[in-house]
There are 2 protein chains.
Amino acid sequence: MTESGARLDHLVSVLKGRGYRLTPQRKAVLQILAASDGHLSVEQIYARVKKDFPMTSLATVYKTVTLLKEMGEVLELGFSDGGNRYDGRKPYPHPHLICIRCRKIIDPEVTALSHLPQEVASSTGYRIVNHRLDFFGICPECQAAENQAGNNSAGQAARRNSIRRW
Amino acid sequence: MTESGARLDHLVSVLKGRGYRLTPQRKAVLQILAASDGHLSVEQIYARVKKDFPMTSLATVYKTVTLLKEMGEVLELGFSDGGNRYDGRKPYPHPHLICIRCRKIIDPEVTALSHLPQEVASSTGYRIVNHRLDFFGICPECQAAENQAGNNSAGQAARRNSIRRW
DNA sequence: TATTAACGGATAATGATTATCTGTTACGAT
DNA sequence: ATCGTAACAGATAATCATTATCCGTTAATA
Ligand SMILES: [Mn+2]
Ligand SMILES: [Mn+2]
Ligand SMILES: [Zn+2]
Ligand SMILES: [Zn+2]
């Protein structure tokens, strides 16, 4: 059993366990989310689904992704600029690292954060139900591209000036 | 000199220092952002500006807030659902605690996070330029309201069931 | 195979934000 | 103080991701 196969079986069983119907379109979305190692946009899922089911509509992808999110089987990364992204393999809160140039998103290793929600709950009286930690930066590939483009002048000066002191 | 007065002076000097004109509408937005201790929506700023300048348009508030953000003098908290919020007093990255019921946002005290960007940069090769940490929960006031509403039955059962194990 | 509520496809509606256009004004120069 | 002008404000249209609505189709169960 592959990793994504086990994940797909889990998603299917959760869906059926709650009495939802398992349609070909849904199966295709589940498969893509289970197999993807990244953080897909709805448009990306839509494009991949259409390879197998060209009749599928964008609305169906939205509905399926929303359904999985409400069941807690997919993590939604909402963005106020540009479309949301979905992690179908780790539906629980975890840090993300986002390239502001190419929009690639990865899961970085970050040490010792699990105690933070409890600490915030104690000091504020809030009941914490969720959290989110995003780092924004420029990935190595995009850094290399930048060095090619604006070499030995404007680029480096701008980079120096972009250092902020708070 | 009051705290908000000093902040207002700073915002004005930054604006003029970069050659932007200081219009009454802008002055009003600056004043509100400097004086607010919270995290305002554009609509909230707009409503307050109109008390002094009834002719002000919503577009002008958007433009001014965007300008301040680009100058690094306002922190934008973007949300994919519902409008963005703006912190005019602490424009640098810091954690936020958001009530998912009443949308109130406060700045909680969270210990020892400043080393995280450096850690992520080292382990991934990304150049980190920004980050964001949000906690989502229910504030004490909304908890009390919930206890009034759905008492000794559905509410507590739902709350128990909402505990997730990852 | 029949039944039927759930679902899919198509498309309109929504809502926050941004773009565009035109008349006005802050501000440096005269 | 007046002038000239680029920057700005107001009004409103456009954008774009997401959600709602409607109706024909189908997965699931007996
Ligand atoms: Mn992830
Ligand atoms: Mn804040
Ligand atoms: Zn990149
Ligand atoms: Zn609340």
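Below, chains carry the letters A, B, ... as their sequence lines are ordered, and counting in each starts from 1. Computed from a prediction, not measured in an experiment: that's the story for all the values here.
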*asked:* Going by side-chain contact (heavy atoms from CB on, under 4.5 Å), B:T64 matches just one of B:L67, B:T66, B:T60, B:V61. Which one?
replied: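 Of the listed residues B:L67, B:T66, B:T60, B:V61, the side-chain contact (heavy atoms from CB on, under 4.5 Å) partner of B:T64 is B:T60.
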_By the definition side-chain contact (heavy atoms from CB on, under 4.5 Å), identify the one residue from B:V74, B:D37, B:D107 that meets it with B:D87._
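For B:D87, the side-chain contact (heavy atoms from CB on, under 4.5 Å) check succeeds only for B:D107.
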Between atom [atom1] in [X] and atom [atom2] in [N], what is the gap in whole Å?
X: A:M55; N: C:dT11; atom1: CE; atom2: P; result: 11 Å
X: B:I45; N: C:dA16; atom1: CD1; atom2: P; result: 15 Å
X: B:L15; N: D:dA7; atom1: CG; atom2: C1'; result: 12 Å
X: A:L58; N: D:dT18; atom1: CG; atom2: C1'; result: 9 Å
X: B:E76; N: C:dA16; atom1: CD; atom2: P; result: 15 Å
X: A:R26; N: C:dC7; atom1: CZ; atom2: C1'; result: 6 Å
X: A:R85; N: D:dT18; atom1: CZ; atom2: P; result: 11 Å
X: B:L68; N: D:dC8; atom1: CG; atom2: P; result: 12 Å

*Have a look at B:T56 and say if it touches a base, only the backbone sugar-phosphate, or nothing, with a 4.0 Å heavy-atom cut-off.*
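The answer is sugar-phosphate, as B:T56 gets under 4.0 Å only of primed atoms, P, OP1 or OP2.
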*Are any of the side-chain heavy atoms of B:N84 and B:V42 separated by less than 4.5 Å?*
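B:N84 does not reach B:V42 side chain to side chain.
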With respect to the phosphate group of [N], does any side-chain polar atom (N or O) of [X] fall under 4.0 Å of OP1 or OP2?
X: A:Y62; N: D:dT18; value: yes
X: B:Q25; N: C:dT25; value: no
X: A:N84; N: D:dA17; value: no

N/O-N/O pairs, protein side and nucleotides 14-16 of chain D side, under 3.5 Å:
none

*Same hydrophobic cluster for B:I98 and B:I106, using side-chain heavy-atom links shorter than 4.5 Å among ILVMFWY?*
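No.
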_NZ or CZ of A:R26 within 45° of A:F53 ring axis and under 6.0 Å_ =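 Ring-cation test returns no.
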*asked:* Tell me whether the NZ or CZ atom of A:R101 lies within the 45° cone about the ring axis of B:Y126 and under 6.0 Å from its centre.
replied: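 Negative - A:R101 is either too far from the ring of B:Y126 or too far off its axis.
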*N/O donor-acceptor pair under 3.5 Å between A:E119 side chain and B:T111 backbone*: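 Side chain of A:E119 to backbone of B:T111, a donor-acceptor pair under 3.5 Å: yes, one is there.
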*Go through D:dT18, C:dT20, C:dG9 for me and flag the one nearest to the B:K63 side chain.*
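Among D:dT18, C:dT20, C:dG9, the one nearest the side chain of B:K63 is C:dT20.
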*Between C:dG8, D:dG10, C:dT11, spot the one nearest the side chain of A:A59, thanks.*
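Closest nucleotide among those given: C:dT11.
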*More than 12 foreign heavy atoms under 6.0 Å from CG of B:D9: is that the case here?*
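Counting other residues, nucleotides and ligands, CG of B:D9 exceeds 12 neighbours.
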*A:H96 vs A:H39 aromatic rings, parallel, tilted or perpendicular, using cut-offs 30° and 60°?*
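Judged by the thresholds at 30° and 60°, the geometry between A:H96 and A:H39 is perpendicular.
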*What does nucleotides 24-30 of chain D look like as a protein-contact string, B for base, S for sugar-phosphate only, - for none, at under 4.0 angstrom between heavy atoms?*
--BSS--
*Which residue, B:T64 or B:S80, contacts DNA chain D at a nucleotide closer to its 5' end, judged by nearest heavy atom?*
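Looking at DNA chain D, the more 5' nearest nucleotide goes with B:T64.
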*Is a salt bridge present between A:E146 and B:R127, judged by a nitrogen-to-oxygen distance below 4.0 Å?*
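Here A:E146 pairs with B:R127 in a salt bridge, since their nearest N and O are under 4.0 Å apart.
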